[in-house]
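What you are looking at is a predicted structure, and each value in this text was computed from that prediction instead of being measured. Sequence lines set the chain letters: A, B, ... in the order given, protein chains first and strands last, and positions in each chain run from 1.
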Number of protein chains: 2
Amino acid sequence: MDIELRSGCPINLTMEVMGDRWSLIIIRDIMFGNRRHFRELLTHSEEGIASNILAARLKRLLSLGFISKRDDPSHSQKAIYSLTEPAIQLVPVFAMIGAWGRRHLPVSEELSIRAELLEEGGPPLWDEFMEDLRQIHIVDPIGGANGTCTSAVLAKLTAAFLEVRARSSSQVS
Amino acid sequence: MDIELRSGCPINLTMEVMGDRWSLIIIRDIMFGNRRHFRELLTHSEEGIASNILAARLKRLLSLGFISKRDDPSHSQKAIYSLTEPAIQLVPVFAMIGAWGRRHLPVSEELSIRAELLEEGGPPLWDEFMEDLRQIHIVDPIGGANGTCTSAVLAKLTAAFLEVRARSSSQVS
DNA sequence: GCAACTAGTTTCAAAATGAAATCAGATGGA
DNA sequence: TCCATCTGATTTCATTTTGAAACTAGTTGC
């Protein structure tokens, strides 16, 4: 599973690796949604990825070294997918992409609150989040997957998301 | 030419707009290479885009409002493509993507010097560059295309690029 | 008048995508 | 023990996208 190497330009290479419809979305869901199993990524996906595509992308990301996979001790058939350091370092990229999308595309308030907080927090928050992610995905991937090991930043982002969702659904009714 | 709107997530929407093999590459070439005509984008492309794909992407980016197109007064058949404000605001995204790619992918020194300078310069340099781009693409697109109107930042990035190229080609011989 | 250049379009094969059905092993409850 | 359900996928097949090459139609400069 090699990348194509059309040119050694950093932007081109990043697009060769992440420039498809799903790879970055999958990493986003692992990172911000803490979805660590195939089934979670498949069924809790906002965008509705197909299972064959998910399997293919996980395999590709694995072989490129952006995620890792290990057995879940609680179920011999379950696999836990974790982010590797290169994927964790995508946090500032996500922050910038989120900030740009929020300004120039028809985002929903509910789904853009996390991008807003990430933008407001700036590099100090990104660093704190990346440190949390290292704990959850590299130091203690199993505890991270089952919720024993958690992140203050992730909790904050998720709480804000749920609050906006509650607010907007009460407006509807 | 609508985007698909699978979800209102900023990252998803950005991927729906820019998450293909070529759109961001084309914007990169217009932005950093100041390639303003179809032929320049086609033949000076490091990565070798096909003419039908280039035509389709230009049409799509045009309809999404990320580039604009006008007649070149010097040649009745020439068109000048320019960046719009939303595309100019991709500068920080390019800086982050370039910085990430430079660390985690097999970039060539020659093609990553610009990413390095952009990263070193930080937000102040990005702002200066964006201000230059507004001049070249929005205020005076025709002067920007023929070189009458130029950018100090672009000149610096290009000079560094040419210097590295000269250095590495002399090593070869 | 003609070679070279302009911005594309056309054609067609190959590859990628996506929806749906399917699979085989593991688990948990009756 | 049986069976429904859950696990991470794979298979099938129609549709869509990509990409290379050839081609078009008009423009320009010599």
Between [N] atom [atom2] and [X] atom [atom1], what is the distance in whole Å?
X        : N       : atom1 : atom2 : result
Ile26(B) : dG19(D) : CD1   : P     : 11 Å
His75(A) : dA9(D)  : NE2   : P     : 13 Å
His37(B) : dG8(C)  : NE2   : P     : 11 Å
Asp71(B) : dA7(C)  : CG    : C1'   : 12 Å
Glu47(A) : dA19(C) : CD    : C1'   : 17 Å
Leu42(A) : dT5(D)  : CG    : P     : 18 Å
Arg70(B) : dT6(C)  : CZ    : P     : 20 Å
Leu54(B) : dA21(D) : CG    : C1'   : 16 Å

* Are Glu131(A) and Gln135(A) linked by a side-chain donor-acceptor pair shorter than 3.5 Å? -> no

State which of [options] makes the closest approach to the side chain of [X].
X        : options                  : value
Lys69(A) : dT27(C), dA9(D), dG18(C) : dA9(D)
Ile53(B) : dT18(D), dA7(C), dA26(C) : dT18(D)
Ala50(B) : dT6(C), dG8(C), dA20(D)  : dA20(D)
Tyr81(A) : dT17(C), dG8(D), dA21(C) : dG8(D)
Ala55(B) : dA21(C), dG8(C), dT28(D) : dG8(C)
Asn52(B) : dT28(D), dT7(D), dA20(D) : dA20(D)
Arg39(A) : dA26(C), dG8(D), dT28(D) : dG8(D)

Side-chain N or O of [X] versus OP1/OP2 of [N]: is the shortest distance under 4.0 Å?
X        : N       : result
Trp22(A) : dT17(C) : no
Lys78(A) : dA9(D)  : no
Arg57(A) : dA9(D)  : no

* Asked: Heavy atoms under 4.0 Å, any strand shown: does Arg36(A) hit a base, just sugar-phosphate, or nothing?
  -> nothing

* Heavy-atom donor-acceptor pair, Ser51(A) side-chain to dT10(D) base, under 3.5 Å -> yes

* Asked: Which heavy atom in Phe161(A) sits nearest to a heavy atom in Leu111(A), and how many Å separate them?
  -> CE1-CD2, 3.8 Å

* **Comparing Gln77(A) and Ile49(A) on DNA chain C - which has the more 5′ nearest nucleotide** => Ile49(A)

* Structure fact -> DNA chain C nearest-nucleotide lookup for Arg21(A) and Ser74(A): closer to the 5′ end is Arg21(A)

* Taking the inter-plane angle between the rings of Phe32(A) and Phe94(A) on a 0 to 90° scale, is it parallel (under 30°), tilted (30 to 60°) or perpendicular (over 60°)? -> perpendicular

* To do: For Arg60(B) and Val17(B), indicate whether the former's side chain and the latter's backbone hold a donor-acceptor pair under 3.5 Å.
  => yes

* So, are Arg167(A) and Glu109(A) salt-bridged, with charged N and O less than 4.0 Å apart? -> yes

* In this structure, which one of Arg36(A), His37(A), Lys78(A), Gln77(A) forms a side-chain hydrogen bond (donor to acceptor under 3.5 Å, both in side chains) with Asp72(A)? -> His37(A)

